[in-house]
Amino acid sequence: CGLALTHHHSFVLFAIPLCLRVLYVTLTKGTQRWVSLGKAALCFLIPLLLYGSLPLLAHKNAYISWGNVTSWDGFWVHVLRKEYGTFQLGVAEFGKGGELFGRLSLFAGDMPEQFLWIGLLLPISAWALSKRVLAPGVRRFLWVSTVMSVFYLVVFCSLANLLINNPLHRVVQARFWQQPLLVLSVWAVIGAVALVNWIRRQWSATPTRVSLWGIAITIVALQMGLHWKASDQSGHRIWEHFGREILDSIPPEGMLIVTG
């Protein structure tokens, strides 16, 4: 959790339910409760020391900086994104948050495309077969990760303030679906394992294994084929055009001074 928080502070919405779970298990079921709790706290806090590198690097006078972190106030302004709102995505002129169900519907509409529709059956399989073929620890993970994802989505979508009727804003909003989508991806893996184990119990192992490999390869090939055109940037020359526009604007025998 601590390392994830150094990447983006919005992970705190995932960390809160997880930390509460760790606290509960440690204090109620651990044999050396306070020792275990201290170790867990150190694992959480030590990665946060990476934030200490920000003031040190700021003194190198970088050409591009995300803010003045050489002062205590400036440090917290940067870390908490106070210019935009700590858990908002834009300046106050965009709005004051809200439209919870509208944002949740965007997330729900994005899931089929991310998982090629059929892929959504795998997370469902993880839950449907959890009591039959999954270990108790895996089932607990499903419940904890569900609480984490729901808490994140509800709180974040309640506070986010970008306009959901603006295509650009929707793209920015979609960047913050990565965490719950990652959880769904883990569920898909668990569901695939559960489904394979269940199928092997019902039918012969060898034909089943061949069929499952064929299905997996087909799904991967479909994902690549359907998204190849959008992902293929081999003809992408925007930076070349950008550089040429700069050079073309220089008068004959002029001089271009750049940094970096």
Side-chain angles (χ1 to χ4, degrees), residues 3-4 6-8 10-11 13-14 89 102-130 132-135 138-139 141-142 144-146 148-150 152-153 156-157 160 162 164-244:
L3 186 61
T6 62
H7 173 67
H8 201 282
S10 64
F11 191 82
L13 301 178
F14 255 59
L89 299 178
R103 298 179 196 281
L104 290 177
S105 66
L106 286 178
F107 174 71
D110 190 47
M111 285 193 298
E113 181 180 356
Q114 295 292 335
F115 288 90
L116 198 61
W117 288 92
I118 192 173
L120 289 176
L121 296 176
L122 295 177
I124 296 173
S125 299
W127 280 99
L129 301 173
S130 61
R132 297 183 183 182
V133 296
L134 296 180
V138 179
R139 293 199 297 268
F141 168 78
L142 290 176
V144 173
S145 59
T146 298
M148 292 165 59
S149 300
V150 170
Y152 172 86
L153 285 169
F156 188 81
C157 290
L162 292 184
I164 60 175
N165 59 350
N166 183 305
L168 175 60
H169 290 186
R170 287 201 300 270
V171 171
V172 175
Q173 176 84 52
R175 291 171 52 202
F176 293 88
W177 302 148
Q178 295 178 54
Q179 293 171 0
L181 286 175
L182 179 61
V183 170
L184 280 173
S185 299
V186 176
W187 290 1
V189 174
I190 295 173
V193 173
L195 194 60
V196 167
N197 291 336
W198 181 79
I199 292 175
R200 283 179 176 176
R201 293 179 183 179
Q202 310 301 318
W203 293 284
S204 175
T206 302
T208 301
R209 182 178 301 175
V210 174
S211 300
L212 292 172
W213 271 107
I215 293 172
I217 293 173
T218 301
I219 292 174
V220 173
L222 278 173
Q223 281 279 33
M224 293 178 63
L226 292 174
H227 297 92
W228 178 265
K229 186 176 181 180
S231 301
D232 181 17
Q233 300 295 315
S234 59
H236 189 77
R237 304 177 64 185
I238 186 171
W239 294 111
E240 177 189 345
H241 296 158
F242 178 73
R244 289 187 180 278

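All values derive from a computational prediction rather than experimental measurement.
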Applied to residues 228-244, the salt bridge (charged side-chain N to carboxylate O under 4.0 Å, His left out) test, sequence neighbours excluded, yields Arg237-Glu240, Glu240-Arg244

With sequence neighbours left out, the residues meeting side chain to side chain contact (heavy atoms under 4.5 Å, CB included) with Ser145 are Phe141, Val183, Trp187

- Short question: side chain of Ser105, backbone of Gly102 - any donor-acceptor pair under 3.5 Å? yes

The side-chain hydrogen bond (donor to acceptor under 3.5 Å, both in side chains) partners of Gln179 (sequence neighbours excluded) come to none

To the nearest 0.5 Å, atom SG of Cys157 lies from atom CH2 of Trp177 at 4.0 Å

Residues at least two apart in sequence or cross-chain that pass side chain to side chain contact (heavy atoms under 4.5 Å, CB included) with Leu226, listed by chain then number, are Leu116

Name the orientation class of the two ring planes belonging to Tyr152 and Phe156 (parallel below 30°, tilted from 30 to 60°, perpendicular beyond 60°).
parallel

Heavy atoms of Ser149 and Pro180 approach each other most closely as OG-CA, 4.4 Å

Distance col, row Leu184:CG vs Thr146:OG1, nearest 0.5 angstrom, shows 9.0 Å

For Gly191 and Ser125 the tightest heavy-atom approach is O-CB, 4.0 Å

Separation between CG (Leu122) and CD1 (Ile190), nearest 0.5 Å, reads 11.5 Å

By side-chain hydrogen bond (donor to acceptor under 3.5 Å, both in side chains), Ser231 pairs with (sequence neighbours left out) none

His236 meets the side-chain hydrogen bond (donor to acceptor under 3.5 Å, both in side chains) criterion, sequence neighbours left out, with Gln233

